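Report on one structure; see the data block that follows.
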There are 2 protein chains.
Amino acid sequence: MFIEIETTSDIPIYTQLVNQLIGLIAAGDLKPNEPLPSVRSLASDLGVNMHTVNKAYHELERKKILNIIPKSGAIVNDSKTPSEEQLSTIIQLLKPIIAEAIVYGVEEAKIMSIASSLISEFKEG
Amino acid sequence: MFIEIETTSDIPIYTQLVNQLIGLIAAGDLKPNEPLPSVRSLASDLGVNMHTVNKAYHELERKKILNIIPKSGAIVNDSKTPSEEQLSTIIQLLKPIIAEAIVYGVEEAKIMSIASSLISEFKEG
DNA sequence: CTTCTGTTATAATATCATTAGAACAGATTG
DNA sequence: CAATCTGTTCTAATGATATTATAACAGAAG
């Protein structure tokens, strides 16, 4: 489990966890139906509290990325087609960043090129 | 100044302000070299505290989007070409969202289409 | 049956976000 | 010049978050 937590970051630990787990799934390092480590073991590995990992897992469950089976564990959900809610989420998240890029003077073609590169980066693993 | 603050949102007020101001600049509603309202008047308009607006302005100055002239006011910076730092910022912000979209099963073409639409939305004003 | 799992509860600490009030000094304007 | 407006700085209080620490519980897995 290749996860690194920066305790000095202003990004909350559980958010760093959420983002990195999403990254691992997107890159195929964590596959659909694959079980995640228990909150206790991952917390121990990372040197953080059990509840912090638990919070990240539940955030991923809220996003419908994980399926948490009570008192058993969490497995990666298999999502072939995004729900309308998920599509809307992506658009809302993307909007302020696209705006920021435009304000910085990043040209449209450059924005598209960055997006394309990032997609390839994940898809290639 | 078309800004709406949702006090019930879990997004901090100053962050909402930052995002909406960036949106206004991207859409051309706020043009380069144009002065922003004083922290006191904008705070009064929005029904929030002066310090909250001040925090947003300084966050935008940190991003080099605003130029704050001490004891005078803030004006919109004219950025024609993004700095390396700004480009890096955009990439780092984009990365987790692209990953999330991929996990949701959003196809590459769809992601690109959303990005393109958002860019057009801003550029058209 | 023992161990592992997530769940729940309480509690303490630190940080952040927001508001309030006041005072100060430079900039602007009439 | 004098009055007003500006961002700046400071202290203070409040509420919400994030994180950690313990502990106990009940279902799952071996």
Side-chain angles (χ1 to χ4, degrees), chain A residues 1 3-22 25 30 33-77 93 96, chain B residues 1 3-22 25 30 33-77 93 96:
Chain A
M1 186 74 36
I3 292 181
E4 277 193 22
I5 298 300
E6 293 183 32
T7 50
T8 62
S9 170
D10 58 337
I11 302 174
I13 296 175
Y14 83 96
T15 303
Q16 293 183 47
L17 259 172
V18 165
N19 286 339
Q20 295 198 38
L21 286 170
I22 289 178
I25 298 172
L30 281 173
N33 301 317
E34 186 174 340
L36 272 75
S38 75
V39 292
R40 282 183 175 86
S41 71
L42 182 53
S44 172
D45 283 356
L46 301 176
V48 302
N49 193 273
M50 174 190 68
H51 297 106
T52 306
V53 175
N54 195 242
K55 191 173 185 178
Y57 279 14
H58 275 88
E59 178 69 15
L60 289 168
E61 187 192 34
R62 195 187 58 76
K63 288 176 182 285
K64 300 194 171 58
I65 292 176
L66 290 188
N67 193 4
I68 297 182
I69 300 159
K71 293 164 188 182
S72 170
I75 63 174
V76 179
N77 231 322
L93 290 175
Chain B
M1 186 72 40
I3 293 181
E4 277 192 22
I5 299 299
E6 292 183 32
T7 49
T8 61
S9 169
D10 57 338
I11 301 174
I13 296 175
Y14 84 96
T15 303
Q16 291 184 46
L17 259 172
V18 165
N19 286 339
Q20 294 198 37
L21 287 170
I22 289 178
I25 298 172
L30 281 173
N33 301 316
E34 186 174 340
L36 271 76
S38 76
V39 292
R40 282 184 176 83
S41 70
L42 182 53
S44 173
D45 283 357
L46 301 177
V48 302
N49 194 272
M50 174 189 69
H51 298 106
T52 306
V53 175
N54 196 244
K55 191 173 183 176
Y57 280 13
H58 276 88
E59 178 68 14
L60 288 168
E61 188 192 35
R62 196 187 57 75
K63 288 175 180 288
K64 299 193 169 60
I65 292 176
L66 290 188
N67 193 5
I68 296 182
I69 300 159
K71 291 166 191 182
S72 172
I75 63 174
V76 179
N77 231 323
L93 290 175

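Being a predicted model, the structure only gives us computed values, none of them experimental. All chains are named by letter (A, B, ...) in the order of the sequence lines, taking the proteins before the strands, and each is independently numbered beginning at 1.
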Please produce a list of atom pairs where a protein N or O lies less than 3.5 Å from an N or O of nucleotides 25-29 of chain D.
from: D/dA28; atom 1: O4'; to: A/K71; atom 2: O; distance (Å): 3.3

Who passes side chain to side chain contact (heavy atoms under 4.5 Å, CB included) against [X], sequence neighbours left out?
X     : value
A/H51 : A/N49
B/D45 : none
A/E4  : none
A/P37 : A/M1, A/S41, A/L42, A/Y57

Below 3.5 Å between N/O atoms, which protein atoms pair up with nucleotides 9-14 of chain C? Just atom names and distances, please.
from: C/dA9; atom 1: N6; to: A/H51; atom 2: NE2; distance (Å): 3.0

Subject >> B/E61: partners by side-chain hydrogen bond (donor to acceptor under 3.5 Å, both in side chains), with sequence neighbours left out >> reply: none
Original post:
What residues form a side-chain hydrogen bond (donor to acceptor under 3.5 Å, both in side chains) with B/K63, not counting sequence neighbours?
Top reply: A/E100
Subject >> Nearest-neighbour nucleotide for the A/S38 side chain, D/dT20, C/dT19, C/dT5 considered >> reply: C/dT5
Euclidean distance, atom [atom1] of residue [X] to atom [atom2] of [N] [Å, nearest integer]:
X     : N      : atom1 : atom2 : answer
B/Y57 : D/dT6  : OH    : P     : 10 Å
B/E59 : C/dC16 : CD    : P     : 13 Å
A/N54 : D/dT19 : CG    : P     : 13 Å
B/I5  : C/dA17 : CD1   : C1'   : 13 Å
B/D10 : D/dT17 : CG    : P     : 8 Å
B/N49 : D/dG15 : CG    : P     : 16 Å
B/Q16 : C/dT18 : CD    : C1'   : 13 Å
B/L42 : D/dG7  : CG    : P     : 10 Å

Original post:
Listed by chain and number, what are the salt bridge (Lys or Arg N to Asp or Glu O under 4.0 Å) partners of B/E59, not counting sequence neighbours?
Top reply: B/R62
**OP:** Output all residues satisfying salt bridge (Lys or Arg N to Asp or Glu O under 4.0 Å) with A/K64, sequence neighbours left out; order by chain, then residue number.
**Re:** A/E85
Subject >> Closest-nucleotide ordering on DNA chain C, the 5'-leading residue of A/I69 and B/I11 >> reply: A/I69
Original post:
Rounded to the nearest 0.5 Å, what separation is found between the CD1 atom of B/I75 and the CG atom of B/L66?
Top reply: 9.0 Å
**OP:** Could you tell me the separation between the CG atom of B/L60 and the CG atom of B/N67, rounded to the nearest 0.5 Å?
**Re:** 12.0 Å
**OP:** Just report the end-to-end axis angle for the helix from C/dC1-D/dG30 to C/dG30-D/dC1, five pairs per end, to 10 degrees.
**Re:** 40°
At less than 4.0 Å, is any side-chain N or O atom of [X] found next to OP1 or OP2 of [N]? Yes or no.
X     : N      : value
B/H58 : D/dG7  : no
A/Y14 : D/dA18 : yes
A/K55 : D/dT19 : no

Can you list, pair by pair, the side-chain donor-acceptor contacts under 3.5 Å of residues 5-15 of chain A, counting residues two or more places apart and other chains?
from: A/S9; atom 1: OG; to: A/I11; atom 2: N; distance (Å): 2.9

Original post:
side-chain contact (heavy atoms from CB on, under 4.5 Å) between A/I25 and A/L30: does it pass, once the steps are laid out?
Top reply: CA-CA 5 Å; A/I25 298 172; A/L30 281 173; 3.8 Å; yes
